2 protein chains.
Amino acid sequence: MNAHFANPKAWSPGGIAFRSEADPVAVLSSLDKGGQHPTVTYAANCEIYAQGERASALYRLSFGTVRLYRLLADGRRQISAFCVAGEVFGFEADAEHHFFAEAICAAGIRVYRKPLDGETAALLLPVALKALVRAQEHLLVIGRQSASERVAAFLIDMMERQGAPPTLELAMPRSDIADYLGLTIETVSRTFSKFRERGLLRLHGARTVEIVKAEALRQLSK
Amino acid sequence: MNAHFANPKAWSPGGIAFRSEADPVAVLSSLDKGGQHPTVTYAANCEIYAQGERASALYRLSFGTVRLYRLLADGRRQISAFCVAGEVFGFEADAEHHFFAEAICAAGIRVYRKPLDGETAALLLPVALKALVRAQEHLLVIGRQSASERVAAFLIDMMERQGAPPTLELAMPRSDIADYLGLTIETVSRTFSKFRERGLLRLHGARTVEIVKAEALRQLSK
DNA sequence: CGCCTCATTGATTCTACTCAATTCGGGTGG
DNA sequence: CCACCCGAATTGAGTAGAATCAATGAGGCG
């Protein structure tokens with residue numbers, strides 16, 4: 001897709017940084033080269049891999065939504081990311097998965113079991129760096145923002161990742177939002193209600209959110 | 001140093017994952033190849049780079065400690081990581097720095113301004129993946145653990161990164177610990193005091209911590 | 001020695017959590 | 001088509017834990 005990536009020099013014509021957007025499609029192409037790869041369909045709440053399992057594949061989401069999370073011994077859960085169509089996940093720093101991955105709703109996933117060659121590894125770097133920036137930004141949200149700010153940040157993020165439509169389909173239940181934001185489901189629910197009362201959004205069913213005042217939400221989340 | 005890295009195939013002899021530890025020394029060697037690179041000494045609290053600046057170098061810490069952080073508009077701060085000697089930082093997903101980097105105490109830093117070639121990029125991937133795992137683990141601490149658990153996790157982490165000595169020198173003030181853990185300095189201080197009263201540690205000056213019951217702290221942090 | 005910053009401790013407030021009771025909405029079967 | 005069911009979501013009341021505000025204490029440096 002993005003020919004820019006075919007030539008490693010194109011990454012950093014003048015500096016150390018990668019000018020291009022992290023491009024999972026390029027990684028896909030690289031992985032696809034010379035072989036077929038299965039597309040697996042997972043039903044809602046199916047586990048894709050578990051913490052501690054041997055990491056032996058990369059995954060690219062064709063459709064659906066996936067949650068990546070970690071657990072404490074007593075069951076407390078932190079969702080570190082939601083993956084949507086087009087995104088690549090499953091890369092790890094060593095031979096083991098450090099997280100759980102589960103389909104939130106029905107999801108089509110292409111699985112790449114080939115060993116990682118140097119070229120693909122290099123293509124993967126921008127994807128990993130993008131994930132790193134995301135995780136670090138999420139740290140700021142969770143570490144330093146109030147419940148309202150967190151929920152606003154979540155809604156804005158989801159909106160932008162879906163191409164900023166006026167009405168937004170959330171694939172995940174409140175419990176996932178809560179575990180993503182470091183809150184409880186009650187606090188998430190109350191915050192949605194507060195936003196509704198303030199006219200910032202309308203709810204058409206619990207998971208269909210019409211964003212009425214995106215700018216106000218964006219301001220809140222900063 | 002680590003010849004393992006000289007051959008890209010060695011990364012993943014059988015699977016998709018990187019078997020080796022992320023090895024900044026290998027990255028350093030790769031960067032060093034065919035050129036001199038300046039070592040700069042920064043005084044305490046000096047800025048190394050700022051958010052929004054053009055990312056044009058990689059940095060490797062020879063000695064000292066560095067904080068990487070992000071700010072909200074009103075000044076709230078989240079420290080996403082502390083870097084110690086040997087670690088590489090400053091890689092970004094695009095042409096801009098997304099974070100601030102500051103020396104906490106006097107720090108020697110080797111700066112690599114060379115454009116990133118494919119080989120170095122590939123070597124950098126394990127380092128980036130390690131940073132990603134760290135950030136995601138930190139999300140769990142901040143999102144789902146109590147103040148005591150967070151401080152315990154911080155102490156155990158610092159201890160292990162310094163080679164698990166009985167007495168631990170903290171380079172950073174309470175305000176940095178607080179901004180790293182998503183707490184206030186008062187809460188951090190009270191938690192240290194509580195641990196002292198419980199006999200888990202002794203304080204020899206505010207930044208010198210003798211870990212008395214490491215196992216109890218480790219248990220707390222899980 | 002004295003100053004200034006950093007750290008500790010105390011009193012109080014407030015946000016988000018916990019526990020509990022409804023209500024809503026999507027799916028199923030009569 | 002409607003009634004019912006069940007999990008998910010909402011709402012309410014009370015509480016706990018960390019933040020805030022304020023005062024005091026300790027260490028390092030000129």
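Note that the structure is a prediction, hence the values are computed from the model and not measured. Here is how names work: the chains are called A, B, and so on, in the same order as the sequence lines, proteins then strands, and each is numbered from 1.
Remark: the backbone N or O of A:R76 is not paired with any side-chain donor or acceptor of B:R144 at under 3.5 angstrom.
For the pair A:S175 and B:A147, both in contact range of DNA chain D, the more 5′-proximal nearest nucleotide belongs to A:S175. Between A:G205 and A:Q145, the residue anchored nearer the 5' end of DNA chain C, judged by the nucleotide with its closest heavy atom, is A:Q145. Nearest-nucleotide positions on DNA chain D for B:A206 and B:R150 put B:R150 closer to the 5' end. With DNA chain C read from its 5' end, the first of the two nearest nucleotides for A:S148 and B:V188 is the one closest to B:V188.
Contacts of A:S189 with the nucleic acid, taken as non-hydrogen atoms under 4.0 Å apart, include base atoms.
Contacts classified as salt bridge (charged side-chain N to carboxylate O under 4.0 Å, His left out) and involving residues 192-201 of chain A (residues at least two apart or in different chains) are not found.
In this view, B:R174 satisfies the salt bridge (Lys or Arg N to Asp or Glu O under 4.0 Å) rule with no residue, not counting sequence neighbours.
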CA sep, side-chain torsions, deciding dist, call: A:I109, A:L61, side chain to side chain contact (heavy atoms under 4.5 Å, CB included): CA-CA 5 Å; A:I109 300 174; A:L61 197 52; 3.4 Å; yes

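Considering A:R161, A:R60, A:R110 in turn, A:R161 is the only one that fulfils the salt bridge (Lys or Arg N to Asp or Glu O under 4.0 Å) rule with A:E87.
Look at A:R218 and A:E215 and you find a salt bridge, because one of the NZ, NE, NH1 or NH2 atoms lies within 4.0 Å of a carboxylate O, short of that distance.
The side chain of A:T187 sits closest to C:dA16 out of C:dA16, D:dT10, C:dC6.
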Can you give me the N/O atom pairs linking the protein to nucleotides 21-23 of chain D at distances under 3.5 Å, or say none if there are none?
{"residue": "D:dC21", "atom": "N4", "partner": "B:E186", "partner atom": "OE2", "Å": "3.0"}

